[in-house]
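One structure below.
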Amino acid sequence: MRLVIMGPPGAGKGTQADGLATRLGIPHISTGDIFRANVTQGTPLGIEAKRYMDAGEYVPDGVTNAMVRDRLSQDDCRPGFLLDGYPRTLEQVGELDEMLKSDGLAVDRAVELTVVVDEVVTRLLKRAQEQGRADDTEDVIRRRLEVYAEQTAPLTAVYESRGILVRVDGMGTVDEVTARLLIALGA
Ligand code: B4P
């Protein structure tokens with residue numbers, strides 16, 4: 001199963017993707033987590049990514065696409081994968097298609113987690129208190145939501161037109177959302 005999980009910041013992508021990937025026996029690949037690991041290690045990729053992430057902007061497509069291409073070429077992705085937070089731009093959608101097409105493959109299903117704006121702001125401000133992530137300040141959260149609305153929300157139409165989009169209500173407790181996801185995916 002080659003899955004993509006989408007949704008605004010704070011929709012619960014990372015939270016849900018972890019358990020779902022384990023259950024499906026496929027790797028959970030979060031571009032945000034990979035960037036943050038590079039930031040922590042102080043790699044050149046991390047130093048570049050941090051400038052964008054701290055401002056709530058997307059890391060440039062060229063950088064992100066190369067990183068995902070490298071990750072998907074690893075052996076553990078052969079049975080499938082769950083991509084969390086990628087693709088986020090139209091160019092990334094095209095790149096992902098190309099990466100898979102060369103092996104005769106395609107995205108099987110795209111899941112969109114839907115939530116209301118007030119709820120995601122509340123969740124992210126709570127995470128800010130608990131974890132102190134640099135991009136969870138109120139100003140940066142608002143910018144991330146704007147960037148999502150402009151650049152990423154329209155992508156769901158691409159997957160919808162292919163007939164592979166599944167919309168799942170992301171409101172409620174983590175367990176409630178997980179149960180809905182499993183039903184929607186028939187997992
Ligand atoms: P991400 O790491 O993807 O961050 P995110 O959108 O905030 O989602 P995340 O997965 O962390 O949060 P979740 O909704 O699970 O991206 C961070 C940055 O990296 C981007 O802004 C960008 O700069 C860069 N980046 C990443 N991918 C990129 C790409 N493809 N192209 C360019 N740039 C890219 O959870 C949020 C909080 O809600 C958590 O605290 C969680 O515990 C809580 N929560 C989840 N579900 C809940 C529920 N049901 N009820 C209550 N709380 C819940």
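All figures in this text were calculated on a predicted structure; none of them were measured in a lab. If you read the sequence from its start, that first residue is 1, and numbering goes on from there. Just follow the structure's listing: the first ligand is 1, and inside any ligand the first atom is 1. In what follows, every heavy atom counts, from backbone to side chain, and hydrogens, waters and symmetry copies are set aside.
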| For atom 9 (P) of ligand 1, what's the nearest protein heavy atom and its distance? | Arg127 NH1, 3.8 Å
| task | Could you say whether the N/O atoms of Gln92 and ligand 1 ever approach to under 3.5 Å? | result | yes
| field | Enclosure of Leu90 CG (heavy-atom neighbours >12, cutoff 6.0 Å) | value | no
| task | Indicate yes or no: at least one non-hydrogen side-chain atom of Phe81 is less than 4.5 angstrom from one of Asp76. | result | no
| Any N or O on Ala11 sitting closer than 3.5 Å to an N or O of ligand 1? | yes
| query | Hey, is Arg167 close enough to Glu160 for a salt bridge, meaning N to O under 4.0 Å? | reply | yes
| Arg180/Asp175 salt bridge by N-O under 4.0 Å criterion | no
| message | Does atom CZ (Arg127) have a neighbourhood of more than 12 heavy atoms from anything else shown, all under 6.0 Å? | response | yes
| task | Look at the side-chain heavy atoms of Ile, Leu, Val, Met, Phe, Trp and Tyr, link any pair under 4.5 Å apart, and say whether Leu20 and Ile29 land in one connected group. | result | no
| query | Is Pro87 close to ligand 1, meaning an N/O of one under 3.5 Å from an N/O of the other? | reply | no
| message | Just so I know, are the side chains of Thr31 and Val68 near enough to count as touching, which here means a heavy-atom distance under 4.5 Å? | response | yes
| query | Which of these, Lys13, Arg88, Arg144, has its nearest heavy atom closest to atom 1 (P) of ligand 1? | reply | Arg88
| task | List the steps, then state whether side chain to side chain contact (heavy atoms under 4.5 Å, CB included) holds for Thr64 with Tyr58. | result | CA-CA 9 Å; Thr64 310; Tyr58 286 165; over 6 Å; no
| task | List every atom of ligand 1 that sits less than 4.0 Å from any heavy atom of Thr173, numbering the atoms from 1 in the order shown and giving each element. | result | 49 (N)
| Starting from atom 34 (C) of ligand 1, which protein heavy atom do you reach first, and at what distance in Å? | Phe35 CE1, 3.7 Å
| request: Measure the distance from atom 44 (N) of ligand 1 to every protein heavy atom, then report the residue, atom name and distance (to 0.1 Å) of the closest one. | output: Arg123 CD, 3.8 Å
| message | I'd like to check which ligand 1 atoms, numbered from 1 as shown, lie under 4.0 Å from a non-hydrogen atom of Thr64. | response | 29 (C), 30 (N), 31 (N), 32 (C)
| query | Is Gly12 close to ligand 1, meaning an N/O of one under 3.5 Å from an N/O of the other? | reply | yes
| said: I need the atoms of ligand 1 closer than 4.0 Å to a non-hydrogen atom of Leu124, numbered in the order shown. | reply: 36 (C)
| request: Considering only non-hydrogen protein atoms, determine which one is nearest to atom 2 (O) of ligand 1 and report residue, atom name and distance to 0.1 Å. | output: Arg36 NH2, 2.8 Å
| query | Would a 4.5 Å heavy-atom cut-off, applied to side chains only, mark Asp61 and Glu95 as touching? | reply | no
| task | Indicate yes or no: does an N/O atom of Gly172 lie under 3.5 Å from an N/O atom of ligand 1? | result | yes
| field | Contact check: Arg133 vs ligand 1, nitrogen or oxygen atoms, below 3.5 angstrom | value | yes
| Note, Ile5 side chain near Leu83 side chain (heavy atom, < 4.5 Å) | no
| request: Give the numbers and elements of all ligand 1 atoms closer than 4.0 Å to a heavy atom of Thr31. | output: 26 (C), 27 (N), 28 (C), 30 (N)
| task | State whether the shortest distance between N or O atoms of Val59 and N or O atoms of ligand 1 falls below 3.5 angstrom. | result | yes
| message | With the threshold set at under 4.0 angstrom, would you say Tyr52 reaches ligand 1 through any of its heavy atoms? | response | no
| Closest protein heavy atom to atom 42 (O) of ligand 1, given as residue, atom name and distance to 0.1 Å | Thr15 OG1, 4.0 Å
| task | For the pair Asp54 and Lys50, find out whether any cationic side-chain nitrogen is under 4.0 Å from an anionic carboxylate oxygen. | result | yes
| request: Verify the cluster assignment for Leu72 and Leu105: are they in a single hydrophobic cluster under the rule of side-chain heavy atoms below 4.5 Å apart? | output: yes
| Do Asp33 and ligand 1 have an N or O pair less than 3.5 Å apart? | no
| Can you tell me if Lys13 uses its side chain to pair, donor with acceptor, with the backbone of Pro8 under 3.5 Å? | yes
| field | Which of the ligand 1 atoms, numbered from 1, are nearer than 4.0 Å to a heavy atom of Glu57 | value | 22 (C), 23 (O)
| request: Give the single entry among Glu119, Met53, Met171 that approaches atom 18 (C) of ligand 1 most closely by any heavy atom. | output: Met53
| task | Indicate yes or no: does an N/O atom of Gly14 lie under 3.5 Å from an N/O atom of ligand 1? | result | yes
| Do the side chains of Thr156 and Met6 get nearer than 4.5 Å, heavy atoms only? | yes
| message | Counting only nitrogen or oxygen atoms and a 3.5 angstrom limit, does Gly10 reach ligand 1? | response | yes
